[in-house]
Amino acid sequence: MAKHKISDSFIAARVDEAHAAAAAGKRRTRIFYDDHKNAPPGFCVRVTAAGGVSFVLNYYATGAERRLTIGPYGPAPALSITAARKEAAKVRALVLAGRDPLGERR
């Protein structure tokens, strides 16, 4: 799994790529894992084919991989990259304590 330096400019470039790919008929959602020192393991940015951006945390619980959406990217009330990393760290702490945040949401 490749990791990237997630920044506002990185996200803007990925959104532009998603729009260009959609115009060419190549629609897909892409996941980019964060290589920042404050990013918890499994923290990533999801860019949809339509150019929507959200933050996600991948983790394992109850023997299965889980993918929890932290929130959308953007100006308030959406999340900045820093705020999303902090929220993902809180969720990761719950996972390390033996909880399943996605299972609890459902």
Side-chain angles (χ1 to χ4, degrees):
M1 135 184 55
K3 290 190 173 189
H4 305 274
K5 301 287 185 194
I6 303 298
S7 65
D8 293 319
S9 59
F10 177 86
I11 291 173
R14 301 302 76 81
V15 169
D16 289 344
E17 289 173 1
H19 288 144
K26 299 177 183 177
R27 302 180 59 85
R28 68 179 184 163
T29 296
R30 297 186 66 195
I31 300 283
F32 301 96
Y33 287 89
D34 193 6
D35 193 31
H36 190 275
K37 64 180 178 162
N38 294 333
F43 178 71
C44 56
V45 174
R46 176 176 51 214
V47 180
T48 67
V53 180
S54 57
F55 298 104
V56 175
L57 182 70
N58 285 349
Y59 66 93
Y60 286 89
T62 63
E65 182 179 10
R66 303 289 219 172
R67 187 169 284 165
L68 177 75
T69 301
I70 302 297
Y73 165 74
L79 299 171
S80 68
I81 298 167
T82 302
R85 284 182 185 126
K86 288 178 183 176
E87 186 61 30
K90 290 177 189 175
V91 174
R92 175 58 74 182
L94 295 175
V95 171
L96 292 175
R99 294 177 55 189
D100 179 7
L102 184 59
E104 292 173 10
R105 272 192 191 177
R106 294 180 178 170

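All of these numbers come straight from a predicted model, not from anything done at the bench.
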Does V53 share a hydrophobic cluster with Y33, counting links as ILVMFWY side-chain heavy atoms below 4.5 Å and allowing steps through other members?
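Per the 4.5 Å side-chain linkage, V53 and Y33 are not co-clustered.
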Could you state the interatomic distance from [atom1] ([X]) to [atom2] ([Y]), rounded to the nearest 0.5 Å?
X: T48; Y: R30; atom1: OG1; atom2: CZ; answer: 12.5 Å
X: L68; Y: E87; atom1: CG; atom2: CD; answer: 9.0 Å
X: R85; Y: T82; atom1: CZ; atom2: OG1; answer: 5.5 Å
X: L94; Y: E104; atom1: CG; atom2: CD; answer: 7.0 Å
X: I31; Y: R14; atom1: CD1; atom2: CZ; answer: 14.0 Å
X: F32; Y: R46; atom1: CZ; atom2: CZ; answer: 12.5 Å

Nearest atoms (heavy-atom pairs only) where [X] meets [Y]:
X: A49; Y: T29; value: N-OG1, 4.0 Å
X: P40; Y: L57; value: CG-CD1, 4.4 Å
X: H36; Y: N38; value: ND1-N, 2.9 Å
X: L79; Y: G71; value: CD1-CA, 3.9 Å
X: I70; Y: A88; value: CD1-CA, 4.0 Å
X: P101; Y: V95; value: CD-CG2, 3.7 Å

For R67 and V56, indicate whether the former's side chain and the latter's backbone hold a donor-acceptor pair under 3.5 Å.
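Answer holds: no.
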Within the 4.5 Å heavy-atom criterion, are Y73 and I11 side-chain neighbours or not?
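Answer yes - side chains close enough.
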Is there side-chain contact between V45 and D34, with heavy atoms separated by less than 4.5 Å?
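Of all side-chain heavy-atom pairs linking D34 with V45, none is under 4.5 Å.
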Check the angle between the aromatic planes of F43 and F55 and answer parallel, tilted or perpendicular using the 30° and 60° thresholds.
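Plane angle under 30°, so parallel.
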